[in-house]
Amino acid sequence: MPGGATFSDEDLLAIEARMREVIAADQAFERHEATPREAQDLFADHRYKLEIIERVTAGEDDSELAGEVSDGGSVSYYQNGDGFIDLCTGPHVASTGRLGHFALQKVAGAYWRGDERQPMLQRIYGTAWATGADLADYLDRLVEADKRDHRRLATELDLVSWPEPLGPGLAVWHPKGALVRKIIEDYSRARHEAGGYDFVFSPHIAKSVLWETSGHLDFYAEGMYPAMELDGVTYYLKPMNCPFHVMVYQSGQRSYRDLPTRYFELGAVYRYELSGAVHGLLRSRGFTQDDAHIFCTRDQVASELASLLDFSVSVLRAFGFDEFQAKLSTRPAEKSVGEDVLWDLATEGLREALEAAEIPFTVEEGAGAFYGPKIDLDVTDAIGRAWQLTTLQVDFNLPDRFGLEYVGADGGRHQPVMIHRALMGSVERFFGVLIEHYAGAFPSWLAPEQVRVLPVAAEHQAYAESVAGRLSAAGFRVSVDAADEPLGKRVRSGKVAKVPHVLVVGGDDVDGDTVGDNARGADGPERDVPVADFMVRLADEVEARR
RNA sequence: GCCCGAGUAGCUCAGUUGGCCAGAGCAGGCGCCUUGUAAGCGCCAGGUCGUCGGUUCGAUUCCGACCUCGGGCUCCA
């Protein structure tokens, strides 16, 4: 902008008003083609547009440019009635009068060409739809997503908070949030135990030599908290668990008979995320990976990847996710380590695993890490948003750097292949995604409070407590809300707290050993349910993870 | 880290175009009410108006820096 001025949100109103004028004028869009020479004259005052023209002329062809100018030697641009001209491949609608159902949303910075080394420009975000109803639907979906915001719900449901004195991206877990987390972790541990994993533990800090050997100080230093000096020794807080698991592997001699060896740890790691990137539980600076490292032979890579993928999908299904998509990232064009045969073996192994599991995937050419190819697995939540959770990464680098070995059937020493696997990704992030997926209404098996018993009046208090006592003895999480407030208010509190079952007990129930069940999501109360029947019902619900 | 914006009670928010003791609802505490299905009534307590500087007779309000948060970019579990 002239004089270094910037746009702010207040300018959006004026811009939107001007847009409505242009739309009302129904100006036709005209498409023109020009030679690069002519185009340069036309956009002589536009530094960035000249850059685009120059790159096109130089024959550089990448997807980003393809959206802005046509290929072949010519440059296309559009002009409308009041003389506005801009580069574009098109197509455009015939005239401005065809538009109209739009909303300008926000102003934000964006690096030129998406590169943080380039200058930052401003971008104005808007959305446009074919009809006013479509636009309204879209805006409603944004409101719905906002209602599910895990930061809002975590506060309202008293699950987690982010006290200022801790620092950005660092949370404390309140009793209810911690209870849900414990259930999640217990389930994870149980599945891993059944799935042939060995559990390991590792400390939060290690001497610099570990990170030098692993290479993290070379390629991951900017993501690590700064060094701690103690007794002349330098320590680092761990950003990843893998080097520790390597230490466990290296603690003894390994035979091919031991492989695959699968180490599992809920390992807390700390990463120095950019301050602008931190986002509630979804992106924090301290988080707990459900991290596994698998050491196997080359021959085992394909089958191991297939079983890892099956295992991951099976665990995710238990948490209510049933739609998956994956990205398969292949060898980067620039620097990478490892033999071609290994890359091919691993990449094909990943592809076959995805195909066998019938998970739709896209191939991201060259998007793999320098040390190996990977699969990133997304789940779709209840309102259709995709969340990346699981990552499976094959690593040819660490076994080499640490000189890992196993003794083969031939009696010789061989290098194992290492596979990194985070299933939920991070427990914190997974919890945040679950909150948004369930809109805070956790299914009974996860709900911190499964049942709340409300005596109609004080005289029913003893009965309410006896019902709660029986439920509690059966292993359910239950509380009693005494009759200090009117029943309606207490029912409302229970509903607002998203308790799966709010039980009302009064004189009829005392006589019949029954409860009135207000199941979350039901139209109304169900009266006179025998306590024994309710317990069976709840047990089924928990068992089925509904 | 960068661009734009925001910080008022535990939560959600009013408000002060610079000036008397800064407000409400919910939540909390204490009473009353004893309740059959989504907010009963009253009282009380709770705020260095994010922090530190500056301008001013006077700053929660204006200016600056910093901190934190939000939306993006980059990055990513």
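Values below: all heavy atoms of this structure, side chains included; hydrogens, waters and symmetry mates excluded. Residue numbers start from 1 in every chain, and the chains themselves are labelled A, B, ... in the order their sequence lines are given, proteins ahead of strands.
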Practice item. Using a heavy-atom cut-off of under 4.0 Å over every strand shown, decide if A:T390 touches base, sugar-phosphate, or nothing. Key: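 Nothing: the residue A:T390, judged by heavy atoms under 4.0 Å, touches no strand.
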Heavy atoms under 4.0 Å, any strand shown: does A:Y125 hit a base, just sugar-phosphate, or nothing?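 Sugar-phosphate, backbone atoms only, no base.
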- prompt: Do A:D508 and A:R527 meet the salt-bridge criterion of a basic N to acidic O distance under 4.0 Å?
  reply: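 So A:R527 pairs with A:D508 through a salt bridge.
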Quiz item: Do the charged groups of A:R537 and A:E541 touch, with an N to O distance under 4.0 Å?
Solution: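 No, no charged N to carboxylate O under 4.0 Å.
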Can you measure [X] atom [atom1] to [N] atom [atom2] for me and round it to whole angstrom units?
X      : N     : atom1 : atom2 : answer
A:M240 : B:A77 : CE    : P     : 7 Å
A:K327 : B:C76 : NZ    : P     : 11 Å
A:E428 : B:C76 : CD    : C1'   : 15 Å
A:R283 : B:U74 : CZ    : P     : 12 Å
A:E156 : B:C11 : CD    : P     : 12 Å

Passing option when A:R452 is tested against A:V504, A:L503, A:V499 for side-chain contact (heavy atoms from CB on, under 4.5 Å):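 Of the listed residues A:V504, A:L503, A:V499, the side-chain contact (heavy atoms from CB on, under 4.5 Å) partner of A:R452 is A:V499.
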Heavy atom of [range] under 4.0 Å from RNA chain B: which residues?
range                       : answer
residues 262-273 of chain A : A:R271, A:Y272, A:E273
residues 165-173 of chain A : A:P168, A:G169
residues 304-318 of chain A : none

| request: Output all residues satisfying side-chain contact (heavy atoms from CB on, under 4.5 Å) with A:P239, sequence neighbours left out; order by chain, then residue number. | output: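 Result, side-chain contact (heavy atoms from CB on, under 4.5 Å) vs A:P239: A:W211, A:Y220, A:M224, A:R271.
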- With a 3.5 Å cut-off and no angle check, do the side chains of A:E436 and A:W387 form a donor-acceptor pair?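 Checked: A:E436/A:W387 side chains show no N/O donor-acceptor pair below 3.5 Å.
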- Using the six-membered ring of A:Y270, assess whether NZ or CZ of A:R285 lies under 6.0 Å from its centre and within 45 degrees of the ring axis.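 No, A:R285 does not sit over the ring of A:Y270.
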The criterion is salt bridge (Lys or Arg N to Asp or Glu O under 4.0 Å); which residues satisfy it with A:K49, sequence neighbours excluded?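 Listed in chain order: A:D86.
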**Item:** With sequence neighbours excluded, residues passing salt bridge (Lys or Arg N to Asp or Glu O under 4.0 Å) with A:K182
**Value:**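 Applying salt bridge (Lys or Arg N to Asp or Glu O under 4.0 Å) to A:K182 gives A:D186.
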Let me know which of A:R429, A:E428, A:E265 forms a side-chain hydrogen bond (donor to acceptor under 3.5 Å, both in side chains) with A:T288.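 When side-chain hydrogen bond (donor to acceptor under 3.5 Å, both in side chains) is applied between A:T288 and each of A:R429, A:E428, A:E265, only A:E428 qualifies.
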query = Relative to the 5' end of RNA chain B, which residue comes earlier, A:R152 or A:A457, by the nucleotide with the nearest heavy atom?
reply =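 Whichever sits nearer the 5' end wins; that is A:R152.
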Practice problem: Take A:A422 and A:A458, find for each the nucleotide of RNA chain B with the closest heavy atom, and name the residue whose nucleotide sits nearer the 5' end. | Solution: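 Counting from the 5' end, the first nearest nucleotide belongs to A:A458.
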5' to 3', nucleotides 36-45 of chain B under a 4.0 Å protein heavy-atom cut-off (B base, S sugar-phosphate only, - none) gives BBBBB-----
Flag, side chain of A:Q450 to backbone of A:S444, donor-acceptor distance under 3.5 Å:
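Looks like yes, one N/O pair under 3.5 Å.
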Problem - Check: A:H501 ring centroid to A:F534 ring centroid under 6.0 Å - result: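 So the answer is yes for these two rings.
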*ring-ring contact (aromatic ring centres under 6.0 Å, His included) pairs, two or more places apart, involving residues 155-179 of chain A*: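 Pairs touching residues 155-179 of chain A that pass the test: A:W173-A:F431.
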Find every protein N or O atom lying less than 3.5 Å from an N or O atom of nucleotides 3-5 of chain B, and list the pairs.
residue	atom	partner	partner atom	Å
B:C3	O2'	A:Q122	NE2	3.3
B:C3	O2	A:G109	N	2.9
B:C4	OP1	A:T6	OG1	3.4

Checklist entry - Quick one: side chain to side chain donor-acceptor pair (under 3.5 Å) pairs with a partner in residues 305-316 of chain A, sequence neighbours left out? => result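 Pairs touching residues 305-316 of chain A that pass the test: A:R191-A:S314.
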Sequence neighbours left out, what pairs pass side chain to side chain donor-acceptor pair (under 3.5 Å) with at least one residue falling in residues 479-490 of chain A?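 Non-adjacent pairs meeting side chain to side chain donor-acceptor pair (under 3.5 Å): A:E449-A:S479.
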Notebook entry, point to check: Using purine N1 to pyrimidine N3 plus N6-O4 or O6-N4 for Watson-Crick, or N1-O2 and O6-N3 for G-U wobble, both under 3.5 Å, which nucleotide pairs with B:G40?
Noted result: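 B:G40 is paired, partner B:C32.
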Taking OP1 and OP2 of B:G71, is either one under 4.0 Å from a side-chain nitrogen or oxygen of A:H279?
->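 Yes, such a contact exists.
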- Item | Options B:U34, B:G71, B:A77, nucleotide nearest the side-chain atoms of A:A483 |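 The nucleotide sitting nearest to the side chain is B:U34.
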**Prompt:** Which salt bridge (Lys or Arg N to Asp or Glu O under 4.0 Å) pairs, counting each pair once, include a residue from residues 311-322 of chain A, with sequence neighbours left out?
**Reply:**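 Checked against salt bridge (Lys or Arg N to Asp or Glu O under 4.0 Å) - neighbours excluded - no pair reaches residues 311-322 of chain A.
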* Atom P, compared across B:A65 and B:G46: separation rounded to whole Å ->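 Per the computed distance, 36 Å lies between those P atoms.
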